[in-house]
Amino acid sequence: MQSFAYKVKSELCRAPVQRLCCARAEAYGVLLFCNTFTPREVRIITENPEFAARLPRLFSRAFSLKFDRLPEDDGSHGKLVFQITDRAKLERIISQFGYDAGQALALHVNFGMLEDDCCRTSFLRGAFLSGGSVTDPEKRYHLELATSHIQASREVSALLTEMGFLPRTVMRGGNSVIYFKQSEHIEDMLTTIGAPAAAVEIMAAKVDKMIRNGANRAMNCDMANVNKALEAAREQQEAIEGLRSDGGLERLPDKLRQTAELRLQYPELSLTQLAELCDPPVSKSCINHRMRKIMEIAREKQ
């Protein structure tokens, strides 16, 4: 069975690879959040075949180059590995983002490539496809973007804040993790990067939870009322038994005696049901008044 995160990434991959600026922005997000991005190697590992099918088209459009290693050369079944080790290709990619290929690569976000809203959206889509995950909303709400490039992660967090999101960050196992835990933020994020169907699925799951929680609260309330009624009926029965044991039951007025005898005969019934059995039937408030009077008499006899 496909996970929710798998379905989200598959939906994102249906976005066309068209404008050159957006293709480069998406590839930029992929590289900053992939497994390895250094002057010596690019390595992208995924288990999503639709993302795997998208990567060659994306890099061809963004950089006019092909991967040096493709999944079919890897021999593995679950993880699909893409790799670039050719020095000229790596220099082309690195210089495209404004870095100096001849110096140590301290990755940061070149915001000059993300001036347009479409490019920002593409960049975040690439970051999620490469280093993102989202939990099944039936279980809990959690979306995250993880990368080993700490400075770049800080700048992506600042970018998200500027776009109106409220990201949180944490260090985990040497990676910097940007995350969201509120369903509304996750819905907005997924809608922004191109997965509105997944956002709707989260909304539907949230509504289902609210309905189930409401039903559970109602059931718990009903059970509490039932238990309360049963406890009251037990106390009434014990009081009436006490009256009968010392002959007090026979001395009660006719209406009270009828009510007391009905309670002894039907200990499981509610006052409303007892009221219907009276001859003639009476209201709930009437039988409640009679039962309080019986209880008062029983207490005085103690």
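Counting begins at 1 with the first residue of the sequence. No hydrogens, no waters, no symmetry mates; every other heavy atom, side chains included, goes into these values. Everything quoted here is computed from the prediction, not taken from an experiment.
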Is the count of non-hydrogen atoms from other residues, nucleotides or ligands lying under 6.0 Å from Lys89 atom NZ greater than 12? yes
In terms of heavy-atom contacts, Thr192 and Thr121 come closest through O-CG2, 2.9 Å
For Phe59 and Ala27, work out which heavy atoms get closest and say how close. CE1-CB, 4.3 Å
Rounded distance (nearest 0.5 Å) linking atom CD1 of Ile202 with atom OH of Tyr141: 8.0 Å
Are more than 12 heavy atoms from other residues, nucleotides or ligands located less than 6.0 Å from atom NZ of Lys181? yes
Show your working on side chain to side chain donor-acceptor pair (under 3.5 Å) between Gln237 and Arg263 and close with a plain yes or no. CA-CA 6 Å; Gln237 187 179 10; Arg263 170 52 77 206; over 6 Å; no
Take Thr259 and Arg290 through the side chain to side chain donor-acceptor pair (under 3.5 Å) test and state the conclusion after the steps. CA-CA 7 Å; Thr259 300; Arg290 290 183 185 178; 3.3 Å; yes
Taking all atoms of both residues into account, what is the closest heavy-atom pair of Ala275 and Ile287, and its distance? N-CD1, 3.5 Å
Taking the six-membered ring of Phe128 (Phe, Tyr or Trp), confirm whether the NZ or CZ of Lys9 is under 6.0 Å from its centre and within 45° of its axis. yes
Distance (rounded to the nearest 0.5 Å) between Ile84 CD1 and Ile44 CD1: 6.5 Å
Glu155 vs Gln151, test: side chain to side chain donor-acceptor pair (under 3.5 Å). Steps then yes/no. CA-CA 6 Å; Glu155 292 168 346; Gln151 181 58 34; 3.0 Å; yes
Looking at SG of Cys22 and CZ of Arg24, how far apart are the two atoms once the value is rounded to the nearest 0.5 Å? 11.5 Å
Decide whether Leu277 and Ile240 are clustered together by the hydrophobic rule: side chain heavy atoms of Ile, Leu, Val, Met, Phe, Trp, Tyr closer than 4.5 Å, transitively. yes
At their closest point, which heavy atom of Ala198 faces which heavy atom of Phe4, and how far apart are they? O-CZ, 3.7 Å
Between Ile297 and Met295, is there a shared hydrophobic cluster once you connect ILVMFWY residues whose side-chain heavy atoms come closer than 4.5 Å? no
Which residue, Glu187, Glu138, Glu201, forms the side chain to side chain donor-acceptor pair (under 3.5 Å) with Lys206? Glu187
Heavy-atom side-chain proximity of Cys278 to Leu262 below 4.5 angstrom: yes
Positive for salt bridge (Lys or Arg N to Asp or Glu O under 4.0 Å) with Glu26, one of Arg54, Arg57, Arg61: Arg54
Can you check whether Leu90 reaches Thr38 side chain to side chain, under 4.5 Å on heavy atoms? no
Rounded to the nearest 0.5 angstrom, the OH-CZ distance for Tyr179 and Arg172 is 9.0 Å
Using the rule side-chain contact (heavy atoms from CB on, under 4.5 Å), only one of Leu80, Asn35, Thr36 pairs with Ile45; which is it? Asn35
In terms of the angle between their ring planes, are Tyr28 and Phe97 parallel, tilted or perpendicular, with boundaries placed at 30° and 60°? parallel
To the closest 0.5 Å, what do you measure between CE (Met163) and CG (Leu114)? 9.5 Å
Worked check of side chain to side chain donor-acceptor pair (under 3.5 Å) between Glu41 and Thr85: CA-CA 5 Å; Glu41 179 189 20; Thr85 53; over 6 Å; no
With a 4.5 Å limit on heavy-atom distance, are the side chains of Val8 and Leu12 in contact? yes
Between Val177 and Phe123, is there a shared hydrophobic cluster once you connect ILVMFWY residues whose side-chain heavy atoms come closer than 4.5 Å? no
Heavy-atom side-chain proximity of Ile150 to Met171 below 4.5 angstrom: yes
Does atom CZ of Arg87 have more than 12 heavy-atom neighbours from other groups under 6.0 Å away? no
Is Leu190 reachable from Val200 through a run of hydrophobic residues whose side-chain heavy atoms are each under 4.5 Å from the next? no
Just wondering, are more than 12 heavy atoms of other shown residues or ligands nearer than 6.0 Å to CZ in Arg14? yes
If Ile, Leu, Val, Met, Phe, Trp and Tyr residues are connected whenever their side-chain heavy atoms lie under 4.5 Å apart, and connections chain through other members, are Phe63 and Leu58 in the same group? yes
Arg19 atom CZ: more than 12 heavy-atom contacts under 6.0 Å: no
Locate the shortest heavy-atom distance separating Ile178 from Leu160; write the atom from each residue and the value. CG2-CD1, 3.9 Å
Quick one, Gln236 and Ile294 - any side-chain contact, counting heavy atoms below 4.5 Å? no
Note: Glu241-Arg244 ion pair, threshold 4.0 Å (strictly below): yes
Is it true that Arg257 and Asp254 make a salt bridge, defined as a side-chain N closer than 4.0 Å to a carboxylate O? yes
Closest approach of Ala199 and Thr191, non-hydrogen atoms and distance? CB-OG1, 3.3 Å
In this structure, CG of Leu159 is separated from CZ of Arg120 (nearest 0.5 Å) by 5.0 Å
